[in-house]
*Asks:* 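Structure below; questions to follow.
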There are 2 protein chains.
Amino acid sequence: MIRVERVIHGRPYIETKDGPRFKPCAPNSVLARLGDKWTILVMSHLAVAPGHRLRFSTLKGGIEGITQRMLTLTLRNLERDGLLVRHYFPEVPPRVEYELTEMGASMLPALEGFTSWIRENWPRIVDCRHAYDEAQQRAEDQDAPV
Amino acid sequence: MIRVERVIHGRPYIETKDGPRFKPCAPNSVLARLGDKWTILVMSHLAVAPGHRLRFSTLKGGIEGITQRMLTLTLRNLERDGLLVRHYFPEVPPRVEYELTEMGASMLPALEGFTSWIRENWPRIVDCRHAYDEAQQRAEDQDAPV
DNA sequence: CAGGATCCCAACTGATACTG
DNA sequence: CAGTATCAGTTGGGATCCTG
């Protein structure tokens, strides 16, 4: 069986007799990180901050509903990926600042392109969800009419 | 307290005395969907398919490791968001095809911009993770040396 | 101030079996 | 073929309490 490796829409895949088969999506783990509950909000704050730099308490105060634990975890994960760096000042009380790395900042345009699409289409998505849910509801009502 | 609503980097936020406070990120639910384990793979397959259209079994065969259940759930969620439509043919055996909607197809360029950034920076991210994990390991070894 | 350590519940995911 | 139903394992996220 011949397996030719190609690239389309920028994605590598293997052409088989059953159609294209994409290789297991490694970069998916990046999207998984960004898709979690708080990461985008953290990145957005740093994006608009002077010097792409903010301290822990400012982030916590600026993100409604985030707990200390989740902010810490989110920042650790971003630091692990090399998207931001942690600056620790051993004063009393201690002060910690987080700053986007060059790589972190380089992600902003791509991120912006995506969120911009979301903003434009969000109302329509909401409508679709409602329509779908109501159609679903009507179907159930018909299956079990009281 | 004065609260001025502004927009920066395309994101709406409120200027407060403590800095910018972003509104709870509604569109996050879109990124959360895309960040799950299979959605991007499904979208990629439909993106390169003729007519942006594929049948269930083709998708299942083209995505390594996906179970019937997870493919069904993924497709249902995308359908609910209006990104694809389901075409059911009541034959025996039944045949079902999934096709990107106009809105679904309009997302592809933005998605491509993002995944392209990921591809370019992925090796570096992997390096950062390894470096971080090893530094972490060394720190633990020092705390508890045998 | 900036977290680390625990506990706990809900949601996501997968394996398996069954069906129109 | 293209699902649905059920059960079980794992993970994510929040609440709470404690500390250098």
*Asks:* Using the side-chain heavy atoms of B/V96, tell me which of these nucleotides is nearest: D/dA2, C/dC1, C/dG4.
*Replies:* D/dA2
*Asks:* Check whether any side-chain N or O of B/Y98 sits under 4.0 Å from OP1 or OP2 of D/dG3, and answer yes or no.
*Replies:* yes
*Asks:* Base contacts versus sugar-phosphate-only contacts with protein, heavy atoms under 4.0 Å: please encode nucleotides 12-19 of chain D as B, S and - from 5' to 3'.
*Replies:* -BBB----
*Asks:* For A/E91, does the CD atom sit with more than 12 other heavy atoms under 6.0 Å from it, leaving out its own atoms?
*Replies:* yes
*Asks:* For the side chain of B/T72, starting at C-beta, report the closest nucleotide among C/dC1, D/dA2, D/dT4.
*Replies:* D/dT4
*Asks:* D/dA5 P sits how many Å from B/R76 CZ, rounded?
*Replies:* 11 Å
*Asks:* A/E91 CD to C/dG3 C1': how many Å, rounded?
*Replies:* 16 Å
*Asks:* For the residue pair B/F56 and B/Y98, does the interplanar ring angle fall in the parallel (under 30°), tilted (30 to 60°) or perpendicular (over 60°) class?
*Replies:* tilted
*Asks:* Enter the distance from B/M70:CE to B/K37:NZ here, rounded to the nearest 0.5 Å.
*Replies:* 8.0 Å
*Asks:* Would you kindly give the CG-to-C1' distance between A/L75 and C/dC1, to the nearest whole Å?
*Replies:* 14 Å
*Asks:* Report whether A/L54 and A/V85 are members of the same hydrophobic cluster (ILVMFWY, side-chain heavy atoms less than 4.5 Å apart, transitive linking).
*Replies:* no
*Asks:* Can you confirm whether more than 12 heavy atoms, excluding those of B/H130, are under 6.0 Å from its NE2 atom?
*Replies:* no
*Asks:* Rounded to the nearest 0.5 Å, what separates atom CZ in A/R33 from atom CG in A/D81?
*Replies:* 5.0 Å
*Asks:* Tell me which residues in residues 79-87 of chain A lie within less than 4.0 Å of DNA chain D, going by non-hydrogen atoms.
*Replies:* none
*Asks:* What about B/Y88 and B/L75, same hydrophobic cluster or not, with Ile/Leu/Val/Met/Phe/Trp/Tyr joined at side-chain heavy-atom distances under 4.5 Å?
*Replies:* yes
*Asks:* Indicate, with yes or no, if B/L100 and A/Y132 share a hydrophobic cluster defined by side-chain heavy-atom contacts under 4.5 Å among Ile, Leu, Val, Met, Phe, Trp and Tyr.
*Replies:* no
